[in-house]
Amino acid sequence: MRSFWFNKLSVIFGPKPPLSWLILSIISILALIALFGSSSSNAIDSESRRPVSFIYTNYRRIKEQAAVDYLELRSVSIGGGIRQKELGLCGKERENFVPCHNVSANLLSGFKEGEELDRHCEFLMGAERCLVRPPKEYKIPLRWPSGRDVIWTGNVKITKDQFLSSGSMTKRLMLLEENQIAFHSEDGLIFDGVKDYSRQLAEMIGLGSDTEFPQAGVRTILDINCGFGSFGAHLLSLKIMMICIAAYEATGSQVQLSLERGLPAMIGNFIARQLPYPSLSYDMVHCAQCGIIWDEKNGMSLLEVDRVLKPGGYFVLTSPTSRQQGSSSRGKKKILVNPIEELTQQLCWTLLAQQDETCIWQKTADVDCYASRKKHAIELCKEGGDAQSYYHPLVPCISGTSSKRWIAIQNRSSGSELSSDEIKRPGDEDPLPPFNMIRNVMDMSANYGGLNAALLEEKKSVWVMNVVPARTSNVLPLILNRGFAGAVHDWCEPFPTYPRTYDMLHANGLLSLLTSERCSMIDLFLEMDRILRPEGWVILSDIMGAIEMARTLATQVRWEARVIDLQNGSDQRLLVCQKPFVKK
């Protein structure tokens, strides 16, 4: 049975575009009539026949207008610059612009030893405000699932030589045509077998096949330097959420290619700072020829893997340096003689299996293991509860041992998830665009992942990046526990992704939240425009004052925008926007 939410979608958008726009126009006209009808009524008898509810409605509108005026004045005071003309387009050199990742500026500022590739948003002050335009050859991506296997070469910044010289673990058969790149991920044309590799990993941890990963507690996997995402594409077909992270790359980006294929990914590394995930976030961390030297800097990178890995979780390392003569099964292990052996022992990891170039360790589920280690072992962090991690410096200690969420992935029950009654959804009235046009969705203020859950219930072929705003309640662990993708992010800063990587952005209450922050609203809308694909959608739900200001800003960034009154007596309004395809 379809939910009330999706019944509302069909009312607003309809099964056919012409009808949907007609209905939307009618709704807009009715809203305008409701807003301005009082001024055109008969002035002679209006006072004598005016009901109490009408007086209250006028009072509420005065209050809402006061809120609009306040937000406008505040925006001017912080440089918001609202009610200005449309913003201009950036130059060609910024077609693939990723803020906070200016390698040249980072080098000039003294960052080195890999930190120049890290995220540094402190150099954004005074940056030009303009709209990042698509390349001349850009085309709207193919619809899912065709878009998973075929992408337009003009949509990604990669050279033919870079493509052919990819050294990722899964050396797929990829066809380069005149304007397309084809990934044959499901037809058996894979050189070293993504499916075989996945099945091998399952057998190494004692499973019959990779379809049994969820039975072993593996529902979310963090893939470090994922290549072009074919392993993640295979696991998604098994309903396992794999999120790719890779450092910023000016060309040939693994993250950009994965997102273009409709696969979860974001820019991230842990050279000097923690990833934007809380402790104990993932069931498995996967590294296949990811290029990290794990014993450098006293094993700080491995400590970060341990921080985000849940109790009982798995670390998979596939690398030529792991190869030994012969192989070992789960029952016949060989001792891995390499520099990280001592580190894994101090972390209370157990080497489960080693086969060919692949080793799998399991993190202890027994918190008392740390007390039984040798002297001078890596210390435990002195943590104050389950605090959010937002690009904090790497720590030389073991995290998460005092967390209330220290629960082995094998013992996690389905009852620990939120029931449908406990989910705070964005609202049954929120409309969404036609689902056959979208694949990559971002919920910018995800609450408990209600939008993600609703889309899954309706069996929509989308995935959602659930973003929990920094300095709000630390609910990301609840979202990740449900098998969803997510991250912590401060919306006063740019999101770590490439331009034109999301089909739809949704936010409920975010604008009101950010009015108390130091953010510039026009900068927020510029960032939303940067990461939104041409012809992509924006759905904002907020109070009247915030929505009116947002509508003005939407005009500045050249979006088609319309406000929808929910007609339920509340102050909530919807702003539905679509980004045009500007070809210049």
Side-chain angles (χ1 to χ4, degrees), residues 141 144-151 156 158 166-174 181-187 189-202 210-211 213-214 218-247 249 252-269 275 277 281-291 305 308-309 313-318 358 439-442 452 456 461-466 480 483-487 496-498 501-502:
W144 183 269
S146 299
R148 174 193 57 200
D149 301 326
V150 179
I151 64 174
V156 294
I158 183 171
S166 170
S168 61
M169 179 274 302
T170 52
K171 298 176 182 176
R172 298 150 301 278
L173 176 60
M174 295 177 254
I181 301 174
F183 302 81
H184 292 280
S185 58
E186 296 295 333
D187 55 11
L189 297 176
I190 307 172
F191 280 123
D192 54 1
V194 170
K195 292 181 180 179
D196 291 340
Y197 176 74
S198 180
R199 185 168 54 252
Q200 174 190 335
L201 297 186
D210 53 5
T211 60
F213 272 132
V218 179
R219 293 186 295 176
T220 56
I221 300 176
L222 184 66
D223 194 7
I224 304 169
N225 294 351
C226 59
F228 297 147
S230 288
F231 186 37
H234 170 66
L235 291 177
L236 276 179
S237 70
L238 303 178
K239 303 188 183 306
I240 298 171
M241 177 59 68
M242 173 176 272
I243 297 93
C244 167
I245 62 163
E249 299 164 284
S253 166
Q254 304 167 74
V255 169
Q256 187 183 39
L257 277 149
S258 295
L259 286 166
E260 189 65 24
R261 298 182 64 189
L263 305 173
M266 62 183 290
I267 299 172
N269 62 50
L275 295 168
Y277 311 122
S281 290
Y282 287 94
D283 306 318
M284 178 183 286
V285 176
H286 177 259
C287 161
Q289 298 184 14
C290 60
V305 170
V308 300
L309 196 60
Y314 304 95
F315 175 57
V316 179
L317 175 63
T318 297
T358 300
R439 168 62 185 172
N440 300 353
V441 177
M442 178 183 287
N452 199 153
L456 285 179
S461 296
V462 303
W463 70 273
V464 181
M465 176 62 76
N466 295 278
L480 296 175
F484 300 163
T497 191
Y498 291 84
T501 46
Y502 285 88

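Quick note: numbers below take in every heavy atom, side chains included, and nothing from hydrogens, waters or symmetry partners.
- Between the D283 side chain and the G313 main chain, no donor and acceptor come within less than 3.5 Å of each other.
- Within the model, atoms CZ of R219 and CG of L238 stand 15.0 Å from one another, a figure rounded to the nearest 0.5 Å.
- In this structure, R439 contributes its side chain and G262 its backbone to a donor-acceptor pair below 3.5 Å.
- Panel note: side chain S237, backbone H234; a donor-acceptor pair is recorded below 3.5 Å.
- Of all heavy-atom pairs spanning G486 and Y277, the tightest one is O-CE2, 3.3 Å.
- Residues I240 and P214 come closest through the heavy atom pair CD1-CD, 4.2 Å.
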Pair F213, I221 - check side-chain contact (heavy atoms from CB on, under 4.5 Å), show working.
CA-CA 11 Å; F213 272 132; I221 300 176; 5.7 Å; no
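- Rounding to the nearest 0.5 Å gives a distance of 4.0 Å between CZ of F183 and CD1 of I151.
- Contact of the L236 side chain with the M241 side chain is registered, since non-hydrogen atoms from C-beta on lie closer than 4.5 Å.
- Counting heavy atoms from C-beta on, the side chains of W463 and V441 never come closer than 4.5 Å.
- Closest non-hydrogen pair, S198 versus F231, comes out as CB-CE1, 3.7 Å.
- Between Y197 atom OH and H286 atom NE2 the span is 3.0 Å, to the nearest 0.5 Å.
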Before you tell me yes or no, could you show the steps for Y502 and L259 under side-chain contact (heavy atoms from CB on, under 4.5 Å), namely the whole-Å CA-CA distance, both residues' side-chain angles and the distance that decides it to 0.1 Å?
CA-CA 8 Å; Y502 285 88; L259 286 166; 4.3 Å; yes
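- Residue W144 comes nearest to S461 through the heavy atom pair CD1-CB, 3.7 Å, listed as atom of the first residue, atom of the second, then distance.
- By the side chain to side chain donor-acceptor pair (under 3.5 Å) test, Y498 is found to be paired with S253, residues two or more places apart in sequence or in another chain being considered.
- D223 places no side-chain N or O within 3.5 Å of a backbone atom of M242 that could act as its donor or acceptor partner.
- Between L480 and A485, the closest heavy-atom pair is CD2-C, 4.4 Å.
- Between L309 and F315, the shortest heavy-atom distance links the atoms CD2-N, 4.3 Å.
- I245 CD1 to L222 CG: the interatomic distance, rounded to the nearest 0.5 Å, is 4.5 Å.
- Without hydrogens or angle criteria, N225 side chain to C290 main chain gives a donor-acceptor distance under 3.5 Å.
- Looking at heavy atoms from C-beta onward, M465 lies out of side-chain contact with P264 at the 4.5 angstrom threshold.
- Using a 4.5 Å heavy-atom threshold, the side chains of R261 and D149 count as touching.
- The shortest distance between side-chain heavy atoms of L201 and Y314 does not fall below 4.5 Å.
- Between the OG1 atom in T220 and the CD1 atom in I243 there is a gap of 6.0 Å [rounded to 0.5 Å].
- Take V150 and apply the side chain to side chain contact (heavy atoms under 4.5 Å, CB included) test, not counting sequence neighbours, and it matches L142, Q180, A182.
- For the atom pair K195 NZ and S230 OG, the distance stands at 11.5 Å (nearest 0.5 Å).
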